[in-house]
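In what follows, chains carry the letters A, B, and so on, assigned in the order in which the sequence lines appear, proteins first and then strands, with residues in each chain numbered from 1.
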Amino acid sequence: MSWSRRSRPRSETAAADDAGCTVVHVDMDAFYASVAIRDRPELRDAPVIVGGGHRGVVLSATYAARVYGVRSAMSMTRARRLCPQAVVIAPDFACLSAVSAAVMETFRSVTPIVEPLSMDEAFLDVSGSLRRFSSPTAIGEHLRARIADEQRITCSVGVASTPQLAKMASRQAKPDGLVVVPVTEVTAFLHPQGVEELWGVGEKTAAALHRLGLRTIADVAHTPVEVLQRAMGPRVGARLHALAWGDDDRRIVAKRGADEPEHSIGADETFGRDTDDPDVVLRELLRLSTKVAARMRAAHVSGRTITVRVRFSDFTTLTRSRTLGNFTAVTPEIYATAADLFTGLGLQRARIRLVGVRVEGLRDAVVATRQLRLDERPFGWEDAERAVDRAVHRFGRYAVRPATLLEPSVAPSGQSQAP
DNA sequence: TCTGGGGTCCTAGGACCC
DNA sequence: TCTGGGGTCCTAGGACCC
């Protein structure tokens with residue numbers, strides 16, 4: 001291997017071969033599982049799976065569990081079958097969020113240009129930090145040491161000249177390592193790998209590439225871009241070809257948690273048991289609408305397009321959406337639209353596995369409200385729901401709910417209602 | 001008892017306007 | 001009268017990521 005892999009000895013001096021590498025990708029190792037066991041030393045070397053109970057999937061598994069073939073996103077049923085002795089722990093999202101926030105702050109102590117990709121990984125643009133630190137590699141080792149000391153979990157780091165390469169490098173560094181891809185070694189690093197290792201190539205795209213006889217990234221690189229575009233579409237084809245040569249015009253954009261308004265806010269829920277009862281579905285749509293509207297108001301956004309998603313027992317999924325003439329963040333309006341879209345499907349005894357509600361076309365609520373004023377819309381609901389938000393804030397989330405949600409036995413996923 | 005829940009982005013067709 | 005095109009919005013679906 002011509003690129004350099006480095007693990008454990010964090011004090012090792014920085015290599016000279018990271019010149020021009022200004023992107024650092026940091027990825028926590030088995031984040032959910034590592035956090036779950038860090039205060040439970042007796043589980044240190046045990047197979048541990050973090051995941052949901054009924055009808056759930058594996059969110060994270062320790063390396064001891066992965067030995068048995070357990071992978072994230074795998075159904076819990078399958079995971080338990082592969083590793084019956086595994087300790088299964090439910091995720092503690094409050095704790096995970098706190099650890100995530102602390103880790104992101106550690107990143108920001110090195111550079112302000114930190115782009116979190118999820119709770120447990122981020123890109124750092126370190127081009128402005130090289131006066132304080134001797135090299136990008138030194139920054140990576142610094143961060144690895146600090147996170148290990150402060151959070152008592154390990155992470156892996158990729159150092160490269162582009163985000164895509166840094167991301168692929170950190171994957172190779174796992175667990176608890178650091179990999180540098182020198183600018184002179186980009187094709188040597190990329191080309192031997194399988195097409196599915198490219199970021200953005202999932203199961204379907206990989207299968208399509210395999211059908212073209214393309215198995216390695218080198219194969220993709222040496223295929224005329226027109227051929228790729230014909231098979232995958234103009235944009236995807238062009239991007240794949242570029243990535244196969246290490247060209248990546250993605251820029252790292254500093255984002256600070258909840259700052260930037262999101263493009264959509266939604267919620268969905270898998271029923272504990274498939275249902276064909278429209279009343280059960282409508283009640284769930286109301287619950288989801290309530291949840292989404294509250295989250296929108298908390299984020300100070302309003303939206304115009306409401307989408308309902310329905311997944312059937314055979315896993316086929318369909319969506320129906322409607323764009324309103326006004327912006328809204330109000331439960332009755334979101335629910336009325338969602339319910340109308342659902343009943344408009346005219347389903348007859350179809351077995352439904354999951355329903356979801358999502359609101360898109362989000363705008364800052366202040367701007368959106370001004371537009372509402374021009375429409376002379378009444379304000380009653382907005383004010384009423386703000387009062388609800390305050391009550392929930394004071395008395396907890398079960399303080400105020402729509403009357404139809406107060407009936408017993410409506411809890412989805414077979415879980416019992418919280419006290 | 002196979003297959004969660006939160007998102008983003010792309011594609012493609014039709015409506016509508018210029 | 002016929003023909004052509006571009007741009008934008010809306011809807012539906014699909015792929016992908018963690």
Exercise for review: Summarise protein proximity over nucleotides 13-18 of chain C in one line of letters, 5' to 3': B for base, S for sugar-phosphate only, - for none, counting protein heavy atoms closer than 4.0 Å.
Suggested key: S-SSSS
Show each protein N/O and nucleotides 5-7 of chain C N/O combination with a separation under 3.5 Å, one pair to a line.
none

Polar-atom pairs under 3.5 Å, protein N or O versus N or O of nucleotides 8-10 of chain C: list them with distances, or write none.
from, atom 1, to, atom 2, distance (Å)
C:dC10, OP1, A:R304, NH2, 3.0

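With sequence neighbours excluded, no residue satisfies side chain to side chain donor-acceptor pair (under 3.5 Å) with A:T319. With sequence neighbours excluded, no residue forms a side chain to side chain donor-acceptor pair (under 3.5 Å) with A:S97. Taking A:R38 as the reference, nothing meets the salt bridge (Lys or Arg N to Asp or Glu O under 4.0 Å) condition, with sequence neighbours excluded. Annotation: side chain to side chain donor-acceptor pair (under 3.5 Å) contacts of A:D249 (sequence neighbours excluded): none. The side chain to side chain donor-acceptor pair (under 3.5 Å) search around A:D219 returns A:T216, not counting sequence neighbours.
In DNA chain C, stems built from 3 or more consecutive Watson-Crick or G-U wobble pairs, each with both distances under 3.5 Å, span B:5-18 with C:5-18.
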For residues 199-211 of chain A, which side-chain N or O atoms pair as donor and acceptor with protein atoms under 3.5 Å away, sequence neighbours left out?
from, atom 1, to, atom 2, distance (Å)
A:H210, ND1, A:R215, NH2, 3.4

Return a table of donor-acceptor pairs under 3.5 angstrom between the side chains of residues 235-246 of chain A and protein atoms on other chains or two or more places apart.
from, atom 1, to, atom 2, distance (Å)
A:H241, NE2, A:A221, O, 3.2
A:H241, NE2, A:T223, O, 3.2
A:W245, NE1, A:A221, O, 3.0

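Using modelled atom types and a 3.5 Å distance limit, the side chains of A:S72 and A:S60 yield no donor-acceptor pair.
Residues from residues 220-233 of chain A placing a heavy atom under 4.0 Å of any atom in DNA chain B do not occur.
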